[in-house]
Amino acid sequence: MAVRVGVLGATGAVGQRLIQLLDPHPDFEIAALTASDASAGKTYRQAAKWRVDSPIPDDVADMTVTATDPDDVPNDVDLLFSSLPSSVGEAVEPGFCDAGYVVSSNSSNGRMDEDIPLVIPEVNAEHLDLLEVQRDERGWDGAMVKNPNCSTITFVPTLAALEEYGLEKVHVATLQAVSGAGYDGVTSMEIIDNAIPHIGGEEDKLETESKKLLGSFDGAELSLNDVEVGASCNRIPTIDGHLENVFVETAEDLTPDEAAEAMREYPSLDLYSSPDQLIEVFEDPERPQPRLDRTLGDGMSIAAGGIRESTFGLQYNCLAHNTMRGAAGASVLNGELLLENGYL
Ligand SMILES: NC(=O)C1=CN([C@@H]2O[C@H](COP(=O)(O)OP(=O)(O)OC[C@H]3O[C@@H](n4cnc5c(N)ncnc54)[C@H](OP(=O)(O)O)[C@@H]3O)[C@@H](O)[C@H]2O)C=CC1
Ligand SMILES: N[C@@H](CC(=O)OP(=O)(O)O)C(=O)O
């Protein structure tokens, strides 16, 4: 029987992607949609300014949106996908966990908390067991798992593939699509014919979340990986797909051919939303490109290319679809992992 799920922040850009992924999902059934008080009481069709490239599913369009309050969500809903603004997530997500709901959240609040698993299933699925510690410490019947920032998700799987060579220093420069800022995030006058070399708070997220994802969990405590990570983040006028230039220094010698092989062989999982090939490696140095490669693996693959030796160690480019692999798809994949691991 399908698990009954809800979406917190269902009318937003990521919420709409969540609905697009959850509606046809064989293991999940959408049973609750929440948004701000301004949307509560409206049908989803009335409340959401639908902007996703497929129609609103009929059964979802007629559902009534509720306020984002545990009292308004049916008790038989087991799993909530959260795509709330982080300030709202911080205020309300713990209340849902306390009320017994398991929350798979895309919002940035709490990602670095010691007892909150920050998970990319292909990279650190074992961190999910931090939920036992979380429940002991917080006394929750429910639980909270987070997926990382979309730019972090883009480069960390490639680092995980190279980890056996001993990661020492990483520098990553991002070229991030406008959808990452949300629909009203940057105006056309700001971004057309332009690039903006600053995204508030983003560099810190790449530098810290990557160390948590690549850290180790001994069953009681999580230790951060001691790789040094430096990031610089740029907004460019693409719609979807974050492209990143990465430089990696490793303890052991690593040739471009070895790096390409390690990335190609890095395993995917057999969760419903897992791509067949997690990291697609291009030989053509002009790839990956956002417009051409963001939908690989239904938007869930990472693309890499341009692997070469440089003055600063190994250099390569990588790309992922920021609202799929980097946001909604990441939360859904974590939901599938929760289900597989008996947390639902
Ligand atoms: N866009 C992207 O590519 C990515 C976004 N994220 C993160 O995901 C989250 C959502 O982003 P995005 O979908 O772009 O944001 P949007 O602004 O498009 O959507 C926000 C959602 O939260 C609801 N909401 C806003 N305020 C409140 C409130 N006070 N109480 C309850 N619900 C509220 C909105 O409802 P209403 O319609 O009623 O206002 C809407 O459903 C953010 O934390 C963002 O940082 C992460 C990675 C990528
Ligand atoms: N800041 C990211 C998107 C985002 O919302 O990230 P986070 O989930 O860390 O808040 C971008 O602009 O592309």
Side-chain angles (χ1 to χ4, degrees), residues 6-20 32-52 64-70 72-73 80-93 95-96 103-112 118 146-154 156 174-186 191 196 198-210 212 231 233-244 290 294 299 319-331:
V7 180
L8 310 181
T11 51
V14 178
Q16 294 183 18
R17 281 276 185 212
L18 279 166
I19 285 167
Q20 190 184 36
L33 303 171
T34 85
S36 73
D37 290 347
S39 299
K42 296 180 181 169
T43 64
Y44 187 74
R45 192 190 300 283
Q46 291 168 331
K49 194 162 182 185
W50 188 256
R51 292 176 170 124
V52 172
T64 302
V65 175
T66 70
T68 302
D69 184 315
D72 290 314
V73 173
L80 295 170
F81 293 98
S82 174
S83 57
L84 294 164
S86 55
S87 56
V88 180
E90 189 168 11
V92 306
E93 285 178 346
F96 282 96
V103 178
S104 173
S105 170
N106 177 59
S107 308
S108 60
N109 53 290
R111 282 187 189 144
M112 291 303 293
L118 180 68
K146 294 271 169 181
N147 59 258
N149 167 278
C150 41
S151 302
T152 309
I153 293 183
T154 303
V156 165
T174 70
L175 301 120
Q176 298 184 216
V178 292
S179 59
Y183 199 83
D184 299 318
V186 283
I191 198 67
I196 302 172
H198 176 71
I199 300 174
E202 195 81 352
E203 290 160 358
D204 184 59
K205 289 177 186 173
L206 273 76
E207 290 166 2
T208 56
E209 292 177 13
S210 54
K212 184 170 178 181
C233 296
N234 303 279
R235 184 79 66 201
I236 60 159
T238 46
I239 302 278
D240 286 316
H242 290 352
L243 178 63
E244 305 184 357
R294 61 193 167 205
L319 169 92
H321 196 301
N322 54 303
T323 61
M324 297 293 279
R325 167 51 81 166
S331 294

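When a ligand or atom number is given, it counts from 1 through the structure's own listing order.
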Indicate whether [atom] is within a distance of less than 4.0 angstrom of some protein heavy atom.
atom                    : value
atom 40 (C) of ligand 1 : yes
atom 13 (O) of ligand 1 : yes
atom 35 (O) of ligand 1 : yes

Distance (rounded to the nearest 0.5 Å) between [X] [atom1] and [Y] [atom2]:
X      : Y      : atom1 : atom2 : result
Leu8   : Ser104 : CG    : OG    : 10.5 Å
Thr238 : Leu243 : OG1   : CG    : 8.5 Å
His198 : Glu203 : NE2   : CD    : 7.0 Å

Provide the closest heavy-atom pair for [X] versus [Y] in the form atom of the first, atom of the second, distance.
X      : Y      : value
Ser105 : Ser331 : C-OG, 4.0 Å
Asn147 : Ala327 : OD1-O, 3.9 Å
Thr66  : Ala40  : C-CB, 3.8 Å

Per-atom contacts, ligand 1 versus [X] - under 4.0 Å to a heavy atom:
X      : answer
Thr11  : 34 (C), 35 (O), 36 (P), 37 (O), 38 (O), 40 (C), 41 (O)
Cys150 : 47 (C), 48 (C)
Ala10  : 41 (O)
Ser86  : 43 (O)
Ser39  : 36 (P), 37 (O), 38 (O)
Asn322 : 3 (O)
Gly9   : 21 (C), 22 (O), 41 (O)
Thr68  : 31 (C), 32 (N)

**OP:** Just go through Ser331, Ala327, Ser105 and tell me whose heavy atom is the nearest to atom 47 (C) of ligand 1.
**Re:**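 Closest candidate by heavy-atom distance is Ala327.
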**OP:** Nearest heavy atom to atom 6 (O) of ligand 2 wins, so pick from Asn149, Asn106, Asn322, Asp204.
**Re:**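 Minimum heavy-atom distance to atom 6 (O) of ligand 2 goes to Asn149.
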Subject >> Heavy-atom gap Ala38 to ligand 1 smaller than 4.0 Å >> reply: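 No, that is not the case, since the closest heavy atom of the residue is not under 4.0 Å from the ligand.
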Original post:
Would you call Ser108 a ligand 1 contact, heavy-atom distance under 4.0 Å?
Top reply: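 Under 4.0 Å: no for Ser108.
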Subject >> Side chain, backbone, both or neither: Val88 near ligand 1, heavy atoms under 4.0 Å >> reply: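 Val88 to ligand 1: side-chain contact only, backbone stays beyond 4.0 Å.
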Original post:
Under 4.0 Å from ligand 1, counting heavy atoms only, is it the side chain of Ala13, its backbone, both or neither?
Top reply: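 Under 4.0 Å from ligand 1, Ala13 contributes backbone and side-chain atoms.
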Would you indicate whether the side-chain heavy atoms of [Y] and [X] approach each other to under 4.5 Å?
X      : Y      : value
Ser107 : Glu93  : yes
Phe96  : Thr68  : yes
Thr64  : Tyr44  : no
Asn109 : Lys146 : yes
Thr208 : Arg111 : no

Looking at [atom], what's its closest protein heavy atom, distance included?
atom                    : value
atom 2 (C) of ligand 1  : Ser179 O, 3.5 Å
atom 10 (C) of ligand 1 : Ser83 O, 3.1 Å
atom 24 (N) of ligand 1 : Pro85 CD, 3.9 Å
atom 4 (C) of ligand 1  : Val14 CG2, 3.6 Å
atom 9 (C) of ligand 1  : Leu84 O, 3.4 Å
atom 8 (O) of ligand 2  : Arg111 NH2, 2.6 Å
atom 16 (P) of ligand 1 : Gly12 CA, 3.9 Å
atom 1 (N) of ligand 2  : Glu202 OE1, 2.7 Å
atom 46 (C) of ligand 1 : Asn106 ND2, 3.1 Å
atom 3 (O) of ligand 1  : Thr323 CG2, 3.1 Å
atom 12 (O) of ligand 2 : Arg235 NH2, 2.5 Å
atom 4 (C) of ligand 2  : Gly180 O, 3.9 Å

Pairing donors with acceptors under 3.5 angstrom, does anything connect the side chains of [X] and [Y]?
X      : Y      : result
Glu202 : Ser151 : yes
Asp72  : Thr34  : no
Ser83  : Asn106 : no
Gln176 : Glu244 : no

**OP:** Step by step, work out the side chain to side chain contact (heavy atoms under 4.5 Å, CB included) result for Thr174 and Leu206.
**Re:** CA-CA 10 Å; Thr174 70; Leu206 273 76; 3.7 Å; yes
**OP:** Please answer whether the main-chain N or O of Thr11 pairs with a side-chain N or O of Gln16 as donor and acceptor at a distance below 3.5 Å.
**Re:**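 Answer holds: yes.
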Subject >> Intermediate values then yes/no, salt bridge (charged side-chain N to carboxylate O under 4.0 Å, His left out), Arg17 and Asp240 >> reply: CA-CA 12 Å; Arg17 281 276 185 212; Asp240 286 316; 3.7 Å; yes
Original post:
Looking at Lys49 and Asp184, does any basic side-chain N land under 4.0 Å from a carboxylate oxygen?
Top reply: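 Answer for the salt bridge query: no.
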Give the numbers and elements of all ligand 2 atoms closer than 4.0 Å to a heavy atom of [X].
X      : answer
Lys205 : 7 (P), 9 (O), 10 (O)
Cys150 : 2 (C), 3 (C), 13 (O)
Gln176 : 11 (C), 12 (O), 13 (O)
His242 : 13 (O)

Subject >> Residue portion contacting ligand 2 (non-hydrogen atoms closer than 4.0 Å) for Ser151 >> reply: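 Answer for Ser151: neither.
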